[in-house]
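Contents: one structure, followed by commentary.
The chains referred to below are lettered A, B, ... by the order of the sequence lines, with proteins before strands, and numbering in each begins at 1.
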Amino acid sequence: MIPLLLKVRIGGAGSRGVPLWVPLFLGWLLLLPLALLLPLFLVGSLIGMLNPFRVLWVFWGILNGARGTSVEAANGRHAVLIRIV
Amino acid sequence: MSESRRDILEMLAKGQITTDEAERLLGLLENKAPTAGPRDSTGSRAKAKPEYLRVVVESDEGYDSGATVNVRVPMQLLRAGVRLAGLLPVQARGPVNDALRSHGVPIDLSQIRPENLEELVDQLSDLTVDVAQNRQKVRVFCE
């Protein structure tokens with residue numbers, strides 16, 4: 001399943017910060033019109049001697065696999081959390 | 001007391017190994033000690049497939065004053081990333097291999113095929129890298 005939400009939390013010293021939920025599914029809906037460019041992508045892939053279906057399959061796999069990725073970084077004063085849900 | 005543990009202690013008593021070596025071997029034994037879990041049809045313990053690759057960087061000062069980085073990457077994303085390498089055009093693989101080799105990563109991308117992809121990812125489950133330098137520690141492991 002593709003990622004639907006992005007959780008971002010930026011905290012300061014002594015506080016965990018307020019989580020910000022970014023609705024990725026709205027982004028996917030906004031990008032949906034780009035599907036009209038698929039014929040161009042198909043032509044480009046064939047010119048580049050790549051199997052377009054394989055390319056789509058790989059990028060779909062990356063999109064699906066990104067779910068669950070989490071990055072946390074903190075120092076004494078700041079802490080950042082990014083999580084793909 | 002297990003037989004292996006007894007053997008280590010006997011070797012220590014006979015002076016065949018030092019206390020440090022004995023401690024290290026006992027530590028290894030403890031890490032390998034079986035825990036409750038499902039067994040497969042052959043009777044051996046079923047190895048759970050790791051779901052994430054974790055990279056943890058921490059300093060001795062701790063969270064309050066030292067920097068901490070904690071990255072969790074799904075294995076599914078790694079699989080997709082390895083498949084991405086397979087999309088490289090054949091004529092581009094040579095220069096990419098050369099560039100990787102010059103940066104100390106002697107990997108032949110043409111050897112990464114779907115049939116050995118699963119084996120490659122499975123091997124990562126046994127991967128544990130611990131690096132400690134001054135007051136910082138880096139750990140790479142699968143969970």
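- Both tests pass for R139(B) against the ring of F141(B): distance under 6.0 Å to the centre and angle within 45° of the axis.
- Side-chain N or O atoms of R93(B) include one that pairs as donor or acceptor with a backbone N or O of L88(B) at under 3.5 Å.
- Atom CG of L6(A) sits about 5.0 Å away from atom CG of L24(A), to the nearest 0.5 Å.
- Heavy-atom proximity under 4.5 angstrom to chain B picks out M49(A), L50(A) from residues 36-53 of chain A.
- Taking each heavy atom of M75(B) and L53(B) in turn, the nearest pair found is SD-N, 4.0 Å.
- V138(B) has its side chain out of reach of V129(B): every pair of non-hydrogen atoms, C-beta onward, lies at least 4.5 Å apart.
- The shortest non-hydrogen separation linking I84(A) to P3(A) is CG2-CB, 3.2 Å.
- With W28(A) contributing its side chain and L4(A) its backbone, the two residues share no donor-acceptor pair below 3.5 Å.
- What you find for L100(B) and I107(B) is that their closest heavy atoms are CD1-O, 4.2 Å.
- Annotation: maximal heavy-atom pairing with chain A below 4.5 Å, among R72(B), R83(B), R79(B), occurs at R72(B).
- Hydrophobic clustering (side-chain heavy atoms under 4.5 Å, transitive across Ile, Leu, Val, Met, Phe, Trp, Tyr) groups L34(A) together with I2(A).
- Here the side chains of E72(A) and T68(B) are not in contact, with every heavy-atom distance at 4.5 Å or above.
- Of all residues in residues 62-69 of chain A, those placing a non-hydrogen atom less than 4.5 angstrom from a non-hydrogen atom of chain B are I62(A), G65(A), A66(A), R67(A), G68(A), T69(A).
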